[in-house]
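First the structure, in the form of structure tokens, and then the observations on it.
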Amino acid sequence: MKTAGTDWDSYYSAPYKTASFTRRYTASVLADLMRSHGGQHGKILEIGGANSCFIDGILKDVDPDRYDVIDNNRLGVELLRRRYPDDRRVAVRQEDVLVSSNNEGVYDIVFSVGLIEHFDLQGTAQAIKAHFNYLRHGGTAIITFPTPTWLYRTIRNLSEITSNWIFHDERPIRLPEFQDAITGLGTIESARILWPQILTQYCVVTRKSSG
């Protein structure tokens with residue numbers, strides 16, 4: 001039986017209940033990592049960032065020269081475009097991460113939050129590889145993904161029992177799967193579990209191989 005997909009139109013229109021409690025923490029972690037990995041006055045790409053909840057803080061705290069966002073959800077892309085109609089630094093494109101792009105090898109930092117877990121094993125590996133395709137040599141990928149800690153399993157089980165779970169195609173990922181997917185692409189510089197996110201996520205920082 002095929003797993004139901006996530007209704008992203010509904011999500012972007014009214015984000016999940018826990019988002020407001022965790023996004024500030026996540027945004028702070030991302031900004032700190034970006035500042036220490038060449039994000040200031042650099043080129044940043046957010047993959048799966050339709051109607052991004054991180055862009056405001058990153059533009060303010062990191063101050064990149066360029067901030068691009070891609071996502072394949074039309075509604076979320078349009079909502080973000082309306083928020084940034086005139087900022088020359090921001091470009092938003094409707095684009096599928098699993099399809100080749102003309103912007104490969106461009107960015108200093110490529111990041112995604114809560115993206116790669118919405119694919120099967122092969123799709124996840126392909127989505128991870130896409131981060132490195134967009135990066136310049138020596139650039140940094142920052143990728144977060146849910147991992148099945150006891151806290152994640154507890155919160156998700158309660159959410160499913162009470163019919164509050166909306167990420168029906170979410171597949172929590174363990175670190176070894178991620179490590180296998182980046183073989184030959186880059187080197188992990190840090191990996192930690194973000195426990196304050198409640199639905200616990202790994203945050204992995206990887207440097208793309210140079211040449």
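- With Gln201 as reference, Thr144 is the one residue of Thr22, Thr144, Thr26 to meet the side-chain hydrogen bond (donor to acceptor under 3.5 Å, both in side chains) rule.
- Here the two rings, on Phe145 and Phe178, have centers that are under 6.0 Å apart.
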Return a table of donor-acceptor pairs under 3.5 angstrom between the side chains of residues 55-62 and protein atoms on other chains or two or more places apart.
{"from": "Asp56", "atom 1": "OD1", "to": "Arg83", "atom 2": "NH2", "distance (Å)": "3.2"}
{"from": "Asp56", "atom 1": "OD1", "to": "Tyr84", "atom 2": "OH", "distance (Å)": "2.3"}
{"from": "Asp56", "atom 1": "OD2", "to": "Arg83", "atom 2": "NH2", "distance (Å)": "3.4"}

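- Here the straight-line distance linking atom CG of Leu30 with atom CD of Glu46 works out to 8.5 Å at 0.5 Å rounding.
- For the side chain to side chain contact (heavy atoms under 4.5 Å, CB included) test, residues two or more places apart in sequence or in another chain that qualify with Arg82 are Glu78, Leu79.
- We find that Asp108 and Arg136 are joined by a salt bridge, their nearest charged nitrogen and carboxylate oxygen being less than 4.0 Å apart.
- Taking CG of Leu194 as the start and OH of Tyr25 as the end, the distance is 4.5 Å to the nearest 0.5 Å.
- Aromatic pair Trp150/Tyr152: centroids not less than 6.0 angstrom apart.
- With hydrogens and angles left out, the side-chain atoms of Thr147 and Thr200 include no donor and acceptor closer than 3.5 Å.
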For this session: Output, in order, the C-alpha distance, side-chain angles, deciding distance and verdict of side chain to side chain contact (heavy atoms under 4.5 Å, CB included) for Tyr202 and Arg192.
Result: CA-CA 6 Å; Tyr202 253 112; Arg192 58 171 164 156; 5.7 Å; no
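- Side chains of His131 and Ser112: a donor-acceptor N/O pair is present below 3.5 angstrom, by distance only.
- Here side chain to side chain donor-acceptor pair (under 3.5 Å) pairs that include residues 174-187, with residues two or more places apart or in two chains, are Arg171-Glu177.
- At least one side-chain heavy atom of Arg207 sits less than 4.5 Å from a side-chain heavy atom of Glu189.
- For the 3.5 Å distance criterion, the side chains of Asp87 and Tyr67 fail to qualify, holding no donor opposite an acceptor.
- In this structure, the separation between CD1 on Ile47 and CG on Asn72 is 11.5 Å, given to the nearest 0.5 Å.
- Nearest heavy-atom pair, Gly184 versus Ser209, reported as atom, atom and distance to 0.1 Å: O-OG, 4.3 Å.
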